[in-house]
Amino acid sequence: MDGSDRLEHFAITSDGEKVDNPRYLKRALDKLERAQQNLSRKKKGSNNHEKARLKVARAYVKVRD
């Protein structure tokens, strides 16, 4: 994607009012990135690693869907 493919406005009403694109994918990708960074800091086999792994899995599902 080169930027020209992006949806600039989510909706434009009949009177010309523009509603911005909420950019759900960008937000979900940012959250996934932070969750993966957090997971990488956890010691393998620990309960905190497992909790962080589940957070990454949930964030990934949001991006995928």
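Residue numbers start at 1 and run along the sequence shown.
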Original post:
For residues D15 and T13, is any side-chain donor paired with an opposing acceptor at under 3.5 Å?
Top reply: yes
Subject >> Side-chain touch I12/V19, heavy atoms, less than 4.5 angstrom >> reply: no
**OP:** Can you measure from CG (L39) to NZ (K51) and round to the nearest 0.5 angstrom?
**Re:** 13.0 Å
Original post:
Can you name the residues that form a side chain to side chain donor-acceptor pair (under 3.5 Å) with K26, not counting sequence neighbours?
Top reply: D30
Original post:
Any link between F10 and L25 through a network of hydrophobic side chains (Ile, Leu, Val, Met, Phe, Trp, Tyr) touching at under 4.5 Å?
Top reply: no
Original post:
Residues two or more places apart in sequence or in another chain: which of them pass side chain to side chain donor-acceptor pair (under 3.5 Å) with R53?
Top reply: E50
Original post:
If you draw a 6.0 Å radius around NZ in K42, do more than 12 non-hydrogen atoms from other residues or ligands fall strictly inside?
Top reply: yes
**OP:** Look at the side-chain heavy atoms of Ile, Leu, Val, Met, Phe, Trp and Tyr, link any pair under 4.5 Å apart, and say whether L54 and L32 land in one connected group.
**Re:** no
**OP:** Mind checking the CG-OH spacing from L29 to Y24? Nearest 0.5 Å is all I need.
**Re:** 15.0 Å
Subject >> Closest heavy-atom pair and its distance - P22, R27 >> reply: O-NH2, 2.6 Å
